[in-house]
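Report on the structure given below.
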Amino acid sequence: MPDHTDIYRNQTHLYDRMISRQPSLTERIDRIRPHEGLDIVDLGAGTGRLTAVLAPKAASVTALDASSSMLEVTASKLRRAGLTNWRCTAADHRSLPLADDSADLLVCGWSLCYLAGADVPDWEANVAQTLAEMRRVLRPGGTLILLETMGTGTEVPNPPAFLKPYYALLTQKYGFAHETFRLDYTFASLKEAEETARFFFGEDLAAKTTRNNWITLPECAGVWWLHMPAEA
């Protein structure tokens, strides 16, 4: 498999071009929690897939990510849009540089999985610590939304085995609601689809993309959400 850490540090624009081939998630997020006028935290913001589409209607957006290189792309997008209601800060999910009760909505896309895979030491502790930080930051009545993969190159949900225990923990221990949906990549050509599959997912998916003539590369995704109790 490609080195995702290197991609997030040194190939940010190629990564950003790849995710631009997927549809917007704004409507799906708004079905769970309308975001207009909210103070939002985008945890694991990357190159701003969520930050850039939520910021125009938000009261404020804080984009956090372990990779400063990724956040530079996010900041560039926000500046070009003429927005001033944002900040970008490098941070670890397990120790958020934010005040208690400072956000209404926290979104975390394709990010907690890097700490929560069953092959990661102390993964359950990582999940517990991250969720505790998220809850600390959210105001009463706030909402937490997680997005993760349910399988790339598959038309029905088929998540990686090493993520299944994490997904089960979210619903069974922490009480998240959950649904799956399609988030296919749509490319301009088979060549672009094959090159992109190799860049981020590896040789096996690149070969499968070519065999199936996939200009549209199927992707299944999952969304988990939790609403904090309002104050009595």
Side-chain angles (χ1 to χ4, degrees), residues 4-93 95-112 114 133-134 136-139 141-148 181 183-188 192 196 199-200 219 221 223 225 227-228:
H4 288 176
T5 300
D6 178 70
I7 288 171
Y8 296 152
R9 289 176 180 168
N10 302 311
Q11 301 180 75
T12 55
H13 290 282
L14 289 176
Y15 172 81
D16 188 55
R17 185 175 69 182
M18 178 186 77
I19 62 172
S20 75
R21 302 306 192 251
Q22 292 178 296
S24 171
L25 289 153
T26 310
E27 290 185 7
R28 186 165 295 277
I29 289 171
D30 275 349
R31 284 201 293 272
I32 298 170
R33 178 69 186 267
H35 76 280
E36 185 170 358
L38 301 186
D39 293 314
I40 300 172
V41 175
D42 185 1
L43 183 57
T47 57
R49 175 207 293 244
L50 299 178
T51 307
V53 296
L54 297 176
K57 292 185 178 180
S60 69
V61 178
T62 300
L64 304 177
D65 199 279
S67 170
S68 297
S69 299
M70 299 278 270
L71 290 175
E72 288 172 7
V73 179
T74 298
S76 177
K77 290 180 180 179
L78 296 168
R79 290 191 195 100
R80 289 199 305 270
L83 298 170
T84 59
N85 63 336
W86 58 273
R87 65 184 175 117
C88 293
T89 304
D92 187 297
H93 287 13
S95 181
L96 303 180
L98 302 171
D100 296 358
D101 301 332
S102 58
D104 305 299
L105 172 61
L106 193 151
V107 295
C108 181
W110 295 273
S111 181
L112 181 51
Y114 287 103
E133 278 290 271
M134 292 174 174
R136 178 185 66 79
V137 167
L138 282 170
R139 295 175 179 131
T143 300
L144 169 56
I145 298 175
L146 306 177
L147 294 142
E148 301 283 10
F181 60 99
L183 194 67
D184 298 351
Y185 298 86
T186 301
F187 298 104
E192 183 189 10
T196 302
F199 161 70
F200 197 76
E219 167 83 14
V223 58
W225 67 93
H227 299 295
M228 299 296 104

Salt bridge (Lys or Arg N to Asp or Glu O under 4.0 Å) involving [X] - partner list, sequence neighbours excluded:
| X | value |
| --- | --- |
| Arg17 | none |
| Asp101 | none |
| Glu133 | Arg136 |
| Asp6 | none |

> Which residue pairs pass the ring-ring contact (aromatic ring centres under 6.0 Å, His included) test with at least one member in residues 15-42, sequence neighbours excluded?
Replying inline: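 Pairs touching residues 15-42 that pass the test: Tyr8-Tyr15, Tyr15-Phe200.
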If you round to the nearest 0.5 Å, how far is [atom2] of [Y] from [atom1] of [X]?
| X | Y | atom1 | atom2 | answer |
| --- | --- | --- | --- | --- |
| Ile32 | Leu144 | CD1 | CG | 10.0 Å |
| Ile19 | Arg49 | CD1 | CZ | 4.5 Å |
| Leu43 | Ile145 | CG | CD1 | 13.0 Å |
| Thr62 | Trp86 | OG1 | CH2 | 11.0 Å |

> Does atom NE2 of His13 have more than 12 heavy-atom neighbours from other groups under 6.0 Å away?
Replying inline: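 Incorrect, the count does not exceed 12.
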Can you confirm whether [X] sits close enough to [Y] that some side-chain heavy atom of one is under 4.5 Å from a side-chain heavy atom of the other?
| X | Y | value |
| --- | --- | --- |
| Phe187 | Thr196 | yes |
| Leu25 | Val53 | no |
| Ile29 | Leu50 | yes |

> If you look only at pairs with a residue in residues 19-36, which of them pass as a salt bridge (Lys or Arg N to Asp or Glu O under 4.0 Å), with sequence neighbours excluded?
Replying inline: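 Residue pairs with at least one partner in residues 19-36: Arg21-Glu192, Arg28-Glu179.
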> Which residue pairs pass the salt bridge (Lys or Arg N to Asp or Glu O under 4.0 Å) test with at least one member in residues 52-81, sequence neighbours excluded?
Replying inline: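 Found Asp16-Lys77.
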Whether [X] side chain and [Y] backbone form a donor-acceptor pair below 3.5 Å:
| X | Y | value |
| --- | --- | --- |
| Thr26 | Leu54 | no |
| Asp39 | Asp104 | no |
| Asn85 | Ala55 | yes |

Tell me, please, which residues at least two apart from [X] pass side chain to side chain contact (heavy atoms under 4.5 Å, CB included).
| X | value |
| --- | --- |
| Pro97 | Leu64, Thr89, Ala91 |
| Thr12 | Thr47, Ser69, Met70, Val73 |
| Ser102 | Leu98, Ala99, Val137 |
| Thr5 | Asp3, Arg9 |

Looking at [X] and [Y], what are the two nearest heavy atoms and their distance?
| X | Y | result |
| --- | --- | --- |
| Pro23 | Leu183 | CG-CD1, 3.6 Å |
| Ala58 | Val61 | CB-CG2, 3.7 Å |
| Ala45 | Ala63 | CB-CB, 3.7 Å |
| Ala90 | Ser68 | CB-OG, 3.8 Å |
| Ala52 | Leu78 | CA-CD2, 4.1 Å |

>> Checking Glu148 now: which residues fulfil side-chain hydrogen bond (donor to acceptor under 3.5 Å, both in side chains) with it, not counting sequence neighbours?
In response: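 If we apply the side-chain hydrogen bond (donor to acceptor under 3.5 Å, both in side chains) test to Glu148, skipping adjacent residues, the hits are Tyr166.
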